[in-house]
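See below for the structure under consideration.
Numbers here are sequence positions counted from 1. Counting starts at 1 for both ligands and their atoms, following the listed order. When reading the values below, keep in mind they use all heavy atoms of this one structure, side chains included, and skip hydrogens, waters and symmetry mates.
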Amino acid sequence: SMLLYMPVQGTQELKKIAHAVNHLSGLLAEQERWRQILMEDLGHELRTPLSIVGSQLEALVDGVFDLEPERLRTMLDDIARLTRLVQDMEKILQADGAIFELMPEEMDLVPLLKQVLYLLQPVFEDKSIQVTLITPKKPCPVLIDVDKMIQVFVNLLSNAAKYSEPNGNVSVITELDRSGETIFVHIQDNGIGIPPNELDKIFERFYRVDKSRSRDTGGSGLGLTIAKRLVEAHKGSISVMSQEGVGSKFTVTLPLVRI
Ligand code: ADP
């Protein structure tokens, strides 16, 4: 029976290994595709402002128009936008690579949220935004890469500040589901909101609702993309509900560690 049994077990082991290899190569292929799309998008995003600045500089050199401060200001704005884009790009490449090297620790989510609110205190104070944190009485143990999860909540909360009027309200509400399997973190603002037809696009790379309204808020449209990818790497998800002129609610869902 040993002789009969051994090969079967060997085959099963091989099958398992083959399955794992398949799975890994699928992941790598997906990462490769994602990088490729990212580079194409980046090229596209960089080309327009670069050619605008380039042709304006050329016109200046050729003496077509004078050195008006207003024109220089526009160019500086474009260059600042390019710089932010490149910085965000570095961040997203880090986040992307890190999906395969998360360093998860078991910890309570509430102290992490408090830490993020503390970090962002100057941002909220700047606009006199009132922040409320509501937490459950029960513990909220999660398995997370602390730095990555801080980045997720920093992105969501700085958006809440960015897209709110001064004196607004931002709430962070944590909620456990009945079964104790999942934690929801709602980040709610009473800011400008998002039009319904834009809601499914805001998680796309470089997507910004109505460039004119977003222009002065100094973003690049990568914050939510990074947040979504990081949460998904933790086997969680992000969703959004919003009403124009009323406010937005972003919900991060994460699996709880069983205790
Ligand atoms: P950005 O760098 O433009 O802030 P994000 O990826 O973080 O990029 O967000 C994408 C777009 O979604 C923003 O440009 C903005 O129009 C919209 N958005 C994100 N968060 C909010 C919010 N809390 N309230 C209203 N609009 C938001």
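- Near I202, meaning under 4.0 Å from any of its heavy atoms, are these atoms of ligand 1: 10 (C), 12 (O).
- Geometrically, ligand 1 and N159 share a nitrogen or oxygen pair separated by less than 3.5 Å.
- Residue contacts with ligand 1: E198 is excluded, as none of its non-hydrogen atoms falls under 4.0 Å.
- When the side chain to side chain contact (heavy atoms under 4.5 Å, CB included) test is applied to K114, the partners found at least two apart in sequence or on another chain are V110, L133.
- For ligand 1, the atoms lying closer than 4.0 Å to a non-hydrogen atom of G223 are 5 (P), 6 (O), 7 (O).
- Atoms of ligand 1 lying under 4.0 Å from any heavy atom of K162, numbered from 1 in the order shown and given with element: 1 (P), 2 (O), 4 (O).
- Residue N155 places every heavy atom at 4.0 Å or more from ligand 1.
- Of the listed residues (V240, L156, I238), just one forms a side-chain contact (heavy atoms from CB on, under 4.5 Å) with L224, and that residue is L156.
- When hydrophobic residues (I, L, V, M, F, W, Y) are linked wherever their side-chain heavy atoms come within less than 4.5 Å, the members clustered with I134 are I173.
- The shortest heavy-atom distance from F250 to ligand 1 is under 4.0 Å.
- In L224, the parts holding a heavy atom less than 4.0 Å from any atom of ligand 1 are both the side chain and the backbone.
- A donor-acceptor contact shorter than 3.5 Å links the side chain of D189 to the backbone of S248.
- I129 pairs in a side-chain contact (heavy atoms from CB on, under 4.5 Å) with only one of the listed residues (N169, N167, V170, L120), which is V170.
- Formation of a donor-acceptor pair under 3.5 Å by the D108 side chain with backbone atoms of C140 is found in this model.
- A salt bridge between E181 and R258 is present, with a side-chain N of the basic residue lying under 4.0 Å from a carboxylate O of the acidic one.
- Using a 4.0 Å cutoff on heavy atoms, S248 counts as a contact of ligand 1.
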